[in-house]
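Let me begin by presenting the structure, written as structure tokens, before commenting on it.
We name chains A, B, ... by the order of the sequence lines, and we start the count at 1 in each one.
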There are 2 protein chains.
Amino acid sequence: MNKLLPTLALTLFALSAQADPRATGDLGLVIEREDSAALIINTSEPKQLAKIDGLGDLSHASVVFSRDQRYAYVFGRDGGLSKIDLLQDKLDKRIIQAGNSIGGAISQDGKLIAVSNYEPGGVKVFAADTLALVADIPAEYAPGKRSKVVGLVDAPGQKFVFSLFDAGEIWTLDMKNPQQPVVEKFKNIGKEPYDALMSPEGRFYIAGLFGESGLALLDLWDTAAGVKRILPTYGKDDPKLPVYKMPHLEGWAMAGDLLFAPAVGKHEVLVVDKRTWTLLKAIPVAGQPVFVMARPDARQVWVNFAMPDNNQLQIIDTKDLTVSTTLSPGKAVLHMEFTPRGEQVWVALRDDNQVVVYDTATLREVTRLPARHPNGIFFSARAHKIGF
Amino acid sequence: MNKLLPTLALTLFALSAQADPRATGDLGLVIEREDSAALIINTSEPKQLAKIDGLGDLSHASVVFSRDQRYAYVFGRDGGLSKIDLLQDKLDKRIIQAGNSIGGAISQDGKLIAVSNYEPGGVKVFAADTLALVADIPAEYAPGKRSKVVGLVDAPGQKFVFSLFDAGEIWTLDMKNPQQPVVEKFKNIGKEPYDALMSPEGRFYIAGLFGESGLALLDLWDTAAGVKRILPTYGKDDPKLPVYKMPHLEGWAMAGDLLFAPAVGKHEVLVVDKRTWTLLKAIPVAGQPVFVMARPDARQVWVNFAMPDNNQLQIIDTKDLTVSTTLSPGKAVLHMEFTPRGEQVWVALRDDNQVVVYDTATLREVTRLPARHPNGIFFSARAHKIGF
């Protein structure tokens with residue numbers, strides 16, 4: 001008995017330590033590219049809570065969150081789909097669902113996880129709780145021919161939307177009845193769609209084209225109208241122009257009626273009038289823009305750049321449509337994420353092995369946190385957003 | 001020792017039961033008007049988790065959430081400010097901070113709670129963690145004269161905005177330095193502002209006027225331009241027209257470039273072009289509208305009504321600008337709240353002692369939950385929104 005009591009006391013202590021409850025509204029993940037790992041972080045008092053290892057190839061990674069914000073789903077380059085428990089600091093489940101993958105999305109009701117694959121080309125849909133396969137949608141666009149799938153996002157009404165790189169098609173996938181997926185196909189939308197974005201309310205799906213200029217627009221409120229070409233001069237118009245990195249589309253900034261888009265290969269951010277989808281202005285910036293992201297109150301747009309200008313960040317004033325500030329946070333600015341109401345932004349500095357946090361009002365540094373080769377930052381408030 | 005062991009075992013059992021972790025992204029509160037109580041609910045599997053008593057007079061109540069979504073702050077009619085712990089199902093703190101209160105807001109960084117008071121007229125600001133008083137801003141508009149304060153919302157940059165009913169003024173309160181609050185006053189904005197709303201990005205503050213027609217608009221991106229009058233014919237234009245309930249402004253729906261507003265006293269929902277602040281259309285509806293709220297994807301606007309039509313709900317199609325469906329959920333439809341990505345809506349039926357949950361795609365009932373005289377529903381995703 002004398003030996004039992006200390007054990008019980010220790011158990012009690014351990015349980016009470018773990019019983020300290022953690023809320024999930026201010027959590028996030030920082031992806032550590034080389035370590036196959038992710039850091040669970042807290043944004044209220046910027047700090048690291050835990051490190052989760054064993055996530056495979058994260059050279060390109062994206063993350064979505066369960067609707068209760070307890071779980072983060074990490075989509076890795078190697079077809080790995082990892083489910084992380086943000087409350088218990090552990091890898092809950094992990095599967096290799098394809099040979100080569102590019103991204104994923106979570107359904108409106110939070111019950112389905114869709115992944116877009118290069119090899120074999122197609123979309124797979126999994127149960128969010130168990131990661132059991134629910135549907136397999138091969139991207140077969142001609143007999144025996146499967147396309148790489150890119151630009152996968154969720155849409156209202158239990159839908160997903162994605163693009164077929166090799167086929168030049170956009171497909172919508174209706175999962176209202178998980179046993180009977182319904183696919184609608186839009187053909188001849190343009191050559192080699194390579195990425196896409198959804199407008200914040202989930203209405204406009206816009207795919208970038210690698211093989212020709214312009215963008216492909218699908219209005220989900222009017223699919224009968226088909227896919228239209230907008231911004232016909234957008235893209236890599238000069239074949240001799242070196243493009244160091246194709247800009248990401250998912251981060252494009254929608255600020256009121258304005259869309260801020262990275263020009264391809266040029267040192268410009270384009271301002272597009274969303275009502276007419278025409279170019280209003282090209283704002284000169286410090287390099288080839290990669291991510292062009294709006295602060296949640298739409299008053300600032302932050303821009304990072306491809307090499308050799310990837311040590312800089314520029315801030316565009318959305319009222320004046322000019323660059324108001326240039327920051328030099330450090331080496332290899334790869335990604336950024338705003339806190340949900342925009343008072344801070346977290347910036348990944350891959351080659352400085354750091355994340356830097358800025359106050360977006362004063363533009364002063366709040367803190368720097370260590371992170372090994374960080375290349376992506378994702379906050380749990382994404383759980384409540386459409387089109388990610 | 002023999003008596004001690006069962007106690008320890010019980011303690012262990014209790015601790016391990018409580019240790020089952022709860023995430024906070026899918027939580028919410030249902031206010032029980034007559035019971036001085038709030039139900040903690042979960043929206044993933046619609047159910048009640050707990051009931052919290054002792055919240056005072058909730059005949060008019062509103063709720064904001066901490067940025068981690070652990071705490072809900074309930075503003076009661078009696079000047080009570082209650083802090084509820086959503087993880088531990090308990091009332092964490094409660095103070096009576098004034099004699100008569102109308103609403104509150106939480107600062108952008110989540111550290112400050114502001115409350116607008118009728119008696120004594122003014123705004124008090126509290127530390128979100130301790131509820132200790134941080135600043136007291138009497139709404140003194142002339143020597144010895146204090147106004148009732150209404151329409152309090154948060155704004156980007158650690159600001160709050162509110163209106164002085166008796167003075168016809170709008171004030172902004174900058175709390176960047178909590179020790180030195182900075183107040184900016186806009187005078188002669190119109191007679192008797194009675195409520196206000198903020199546009200979703202936190203730029204436009206719009207106050208409704210009880211004493212005259214039109215609305216008062218402050219553009220926070222251009223405060224030098226002062227307050228402008230918009231929609232000059234809006235309001236109670238016919239003095240003989242009975243108005244059963246002044247419509248709420250906080251719920252006004254912004255859908256793209258369109259603002260959907262309840263007409264005062266008339267059976268109409270007004271569609272306003274946000275670019276010009278002019279009236280586009282008046283949509284005939286079943287009664288005097290009270291709440292006019294957009295589904296998060298902006299494709300539907302839901303409307304409830306004052307007596308005697310308060311057993312109905314109507315749904316406006318925002319593409320066609322017509323009423324597409326009329327529902328009869330039950331007695332005294334007082335409030336509604338959409339899940340963050342809009343797949344469901346929860347509706348409070350005060351006189352049926354129920355909350356009904358609808359699938360917004362099929363318009364079928366998902367479930368009904370018991371609640372005693374519910375008059376307000378608030379989900380934790382509000383933590384991440386501007387202007388509430």
Testing the basics here: between [X] and [Y], what is the closest heavy-atom pair and its distance to 0.1 Å?
X	Y	result
B:W221	A:R299	CE2-CD, 3.2 Å
A:P21	B:L87	CB-CD1, 3.4 Å
A:A381	B:H384	CB-CD2, 3.6 Å

Are more than 12 heavy atoms from other residues, nucleotides or ligands located less than 6.0 Å from atom [atom1] of [X]?
X	atom1	value
B:K159	NZ	no
B:K93	NZ	yes
B:K111	NZ	no

Using non-hydrogen atoms and a 4.5 Å limit, figure out which bit of [X] sits close to chain A: side chain, backbone, both or neither.
X	result
B:D154	side chain
B:T43	both
B:K385	backbone
B:R275	side chain
B:L220	neither

Report task. Look at A:E343 together with B:R67 and state whether they make a salt bridge at an N to O cut-off of under 4.0 Å. Result -> yes
Query raised in the report: Less than 4.0 Å between a side-chain N and a carboxylate O, is that true for B:D109 and A:R341?
Result: no
Would you compute the distance between atom [atom1] of [X] and atom [atom2] of [Y] and round it to the nearest 0.5 angstrom?
X	Y	atom1	atom2	value
B:Q108	A:T360	CD	OG1	6.0 Å
A:K319	B:D219	NZ	CG	7.0 Å
B:D359	A:K176	CG	NZ	8.5 Å

Please determine, among [options], the option with the most heavy-atom pairs under 4.5 Å with chain B.
options	result
A:G157, A:G202, A:A383	A:A383
A:D68, A:N42, A:D26, A:D222	A:D68
A:I106, A:L86, A:T339	A:I106

Query raised in the report: Considering only heavy atoms from C-beta outward, does the side chain of A:D297 approach that of B:R203 to under 4.5 Å?
Result: no
**Report entry** Between A:R70 and B:T24, a side-chain donor and acceptor under 3.5 Å
**Finding:** no
